[in-house]
Each structure stands twice: as structure tokens, then as C-alpha cells.
Amino acid sequence: MKCLSLPMNFLFVNTVLSLPVYPHDEENEITQGDLYYAQKYIKQFFTLRDGSESLIQSEDSFSTKIKEVQEFYGLQVTGKLDPETMEVMTEPRCGLPDLASYSLYPGRPRWNKAFVTYSVVNYVPQLSYFEIEYAIWRAVNIWQKVIPLNLVRVYNIEADIMISFEPRVHGDNFPFDGRGGTLAHAFSPAGGIGGDIHFDQEENWTLRRNGVNLFQVAAHELGHALGLAHSRYRSAVMYPTYLKRSSNRFSLSVDDIRAIQNLYGTIQMFNQESAQPLMPDKCDPSISFDAVTKAHGDTFLFKNEYLWRKDQYTADVTISSIQDVWLDLPSNIDAACEIPGDSIYFFKGSKFWTYTHNKLNHKSSQSIYLFRLPPYVKQIDAALFIQQTKKILFFVGKMYWSYNTRIKTMDYGYPKWISSRWSGINDKIDAAFQNNGLVYFFSGSRLYEYNYWRKEIMRTLSSNQWLGCQASEL
Ligand code: TQI
Ligand code: CA
Ligand code: ZN
Ligand code: ZN
């Protein structure tokens, strides 16, 4: 293994380590004070998480930590606190450019192409499939959005960045250690195992503050997989200590951004005069949406070629292009709905697309007439899945149809007037979705919050209030 191009400037113990022996030559004696200093240093820069202070008490792990320090600074790896090691520890910037607070790997390995693929190879039962996919998706996006590099999720093929959950021994000479200790590791950019990310299968992976937050660890490991080494800034994602941060506060620090842009450059701000359409302003009071749906718990609002995703945990809203999330979808979609735990449907014109586990079903689009909509229906305004009845309602103009997903047939007696069931909804609607038992209808710049059981409008809001914008005059 070529250690220079890999971030494993860090040794995992799989042999029994002897107790550290301190050299006793006259000039370079390691004193009790040095030992104390080294412990403090390691605690500051190399301790991995809360509660691991106790690790340092045990000589085995102290030696392991010394090895990490030695690897990190390219010294001879002895596991012993020798004068050279003492020296780098007292001069923390030794070997690094004086002002750099982040660091890159020797030789600056990076991905030399515009598109880098990643794939999630397996999952763990601690989290659902979607939670894992999303944690990784979010981690990818915090880096991707500051550099001109496209990270593309691929399936069933060899990707540049293969992400997997691994057992203790997993074939790369860096066995995991069960719950606690090492959480994950990543290899810096290169072919083969380069760029790959391994998570310790046995950790208590969560998306919250208790346990080990997968999103946070994935963000850190992706930094390594993109070519970043550790940062000396406490606030940096690349700081080598696991801090319990609330995940809505978790984002790249200035130092992380400087580091990654040093490798990949900055995003070209697009020219205002170019043909590029402007990104819509989500808080424009007159904004309307093409389609809205829940997907895996988050809410997605579509407009033109963009979508906004509102995170279910943090309520953070992020904009991205539709194809960044659902590669095969067109822009300007008409309607979308999710059958929770099953699939997501997207409609445009007389076509529809379905995704299960974020994977497109069927090779391409299908015809909406498969739902037995009559031929005069040329497009759908909104699609709404009703959790209570397991029906998809198709809204077209002032009418709606009801499709029974259990027996896969259109219900008898439709179309009906929208206002006959949904009193107060008198206009054509643009989008609809269900949330916590309430139904939300979007119509132009208005958003109606509808009580399904009481069959009445509870509140009239502005369309973008769901995205955290202030209410506008209605
Ligand atoms: N894994 C270490 C890490 O990713 C492995 C490592 C790579 C390392 N290079 C190193 C350790 C150099 C010491 C020196 O950093 S880990 C954290 C953090 C880990 C640690 O499991 O210890 C995160 C994984 F930063 F919080 F400590 C993810 Cl976020
Ligand atoms: Ca572990
Ligand atoms: Zn591994
Ligand atoms: Zn790290």
C-alpha cells in the first residue's frame, strides 16, 4: 500500500503493542513533563470523541496515539514518545505551510475530472435505507456546492468513491474495532481503493445528537476522499475531533472551504447576461410552484428546472437542480406524489416516472393513460396521495379522479368537481401534498391548509411559507 497517496497516515492496531519505552540518552531525555504535554497534545489534536480521555490512561492506546502522530507527521512509526515526536508536538506547524490551518495530503492528490461518481454499496439496520442515502447525499452536497466538481450517485457499477459499512476485518489492513474507537476511514483520491469510504458497521449510527451522527462523519470522510487532511480549526468539519454539534448548525467552516477550493478551485459565478435562467427567488411573494411532494420525510417543491428540499430534521431549505436528485426527470414537471415506503411518482404532460429507493423504475417514462385517465386529459395539475385511503387523486382543471393503488384501478364515479369534496378549493390547483394529516393545496401564490376529516380550510397561507418565508398580504 502506498501510504503517501492514502490518508492512512494513521495506524490501526492489530498487533499487541508493547508498553512505550522512553529513550534515556542524556541529552534528549523525555521527562514526566513531556509525557504530560504529549498527552495534552494528543487529547487536543488526536482524540476522537468525547469520553475517550480514558483511552489515554491506558498505555496501549497512548502508544497507538503516538503512532498516529508519527504517521501524521511522516516520522518513523515506533509508537514511542521519542525526541523527534516531541519536537513536532511542540511545534505544531512543523512541516506545514506556516499559515495553513487546513492540510492537504503530500503530493496534493485530487480528482482530475469534472464528474466523480459515488455509490453506496451496503446499509446497516441502525438506520433506514433512505436515512443512509440522505445522510450521504447531504454530506456530498455540502462539499459539492462550493467547488466545480460534480459528484454523481451511480448504482451497481464501480464508482470512484465506493461507500460501505464494513465489519472489523474487511480486507484493507485497517480493521475496525467495534463500537467506539474508530468510526470510519477514507482513502485519498486515487484509483482502486482510493477515494473509498468505510464506516464501522458496529457503531450506533444515527442522524441525531446521541450515537454517532452519520451525516457528520460522512461529511468528514468525504473531505478525506476529496483530498483534505485534517484542519487545526475547531470549527472545521476536518478538525480531527468528533464534536457533538447539532446537525442544523453543521456546515463547512471557512477553513474547509479554503482547503477544498485550494484543490478544486471556486465555482464560476455565472454571467448575468448569459442565457442561463436566473434561479427563482423562493421568497418572491408572487411565486407559484409546479409540484410539491414529500419524499422520504423531506418536502420537495418544484419550479422550472429547480427544486427546494426542506429537511425534515433541521427545516433547512436547499435549492438544487431537479436532475441533481432525480437524474432522469425533465424540468417543468406538472405533479408529484409519494406513496410512502413504496415509490414516488412524477408527472409531466402525458408521461410519468416512478422511483423506488431513488432508482428509476422501468427504463424511461410511462403513459398516464395506464391509470385509465380519459384521452382528453393531456396533463395533470397535481397528484395527491391520501394516506388514509391509499388513493392517488389526480387534479385536472376543476375536476379530480381517484385511483385505488391497492387494486390498481380508477374508482367509479369520477371525475368529480374538486369543490364537491374539497369545499373552498374553487380554483385550479398547482400542487398538493399531505403532511401530518393535513392536506396542503397550492394555487398560484396561495397555500391552503385543509383539514381532511373536517373537510374545511384551516388557514390560507402564502405558497412560500412552507419554505420559511414571511407571510405576504393575502
Ligand atoms: N477516523 C479517522 C478520521 O477520519 C481516521 C484518520 C484518517 C486519522 N487520518 C487520520 C486519525 C490522521 C488520526 C490522524 O479522521 S475516525 C472523526 C472526527 C473519525 C474521526 O473514525 O477516528 C470523524 C471519523 F473528526 F470527529 F474525529 C470521522 Cl468526523
Ligand atoms: Ca469502531
Ligand atoms: Zn477499511
Ligand atoms: Zn479525519
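All figures in this text were calculated on a predicted structure; none of them were measured in a lab. Counting starts at 1 for both ligands and their atoms, following the listed order.
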Would you check the N or O atoms of [X], main chain and side chain alike, for any that come under 3.5 Å of an N or O of ligand 1?
| X | answer |
| --- | --- |
| H220 | yes |
| H230 | yes |
| P240 | no |
| E221 | yes |

Can the positive tip of R153 be found less than 6.0 Å from the middle of the six-membered ring of Y155, inside 45° of the ring normal?
yes

Check whether any side-chain heavy atom of [X] sits under 4.5 Å from a side-chain heavy atom of [Y], and report yes or no.
| X | Y | answer |
| --- | --- | --- |
| I287 | D281 | no |
| L104 | L228 | yes |
| R138 | T314 | yes |
| I161 | L151 | yes |
| F433 | W466 | yes |

The complete set of salt bridge (Lys or Arg N to Asp or Glu O under 4.0 Å) pairs with one or both residues in residues 108-128, sequence neighbours excluded, reads K113-D160

For the residue pair F347 and Y345, does the interplanar ring angle fall in the parallel (under 30°), tilted (30 to 60°) or perpendicular (over 60°) class?
parallel

Ring-plane angle category for F176 and H170, please: parallel below 30°, perpendicular beyond 60°, tilted otherwise.
parallel

With a cut-off of 2.8 Å, which protein N/O/S atoms are close to the Zn ion (ligand 4), if we only count those under it?
H220 NE2, H224 NE2, H230 NE2

Q366 side chain to W353 main-chain N or O, any donor-acceptor pair under 3.5 Å?
no

Going by the atom numbers of ligand 1, which of them fall below 4.0 Å from some non-hydrogen atom of [X]?
| X | answer |
| --- | --- |
| T182 | 21 (O) |
| L183 | 16 (S), 21 (O) |
| H224 | 3 (C), 4 (O), 15 (O) |

Polar protein atoms (N, O or S) that approach the Ca ion (ligand 2) to under 3.0 Å:
D177 OD1, G178 O, G180 O, T182 O, D200 OD2, E203 OE2

My understanding is that only residues two or more places apart in sequence, or in another chain, count here; which of them pass salt bridge (charged side-chain N to carboxylate O under 4.0 Å, His left out) with R309?
D298, D311

OH/Y233: more than 12 non-hydrogen atoms of other groups inside 6.0 Å
no

The single option from R179, Q126, R168 passing side-chain hydrogen bond (donor to acceptor under 3.5 Å, both in side chains) against E202:
R168

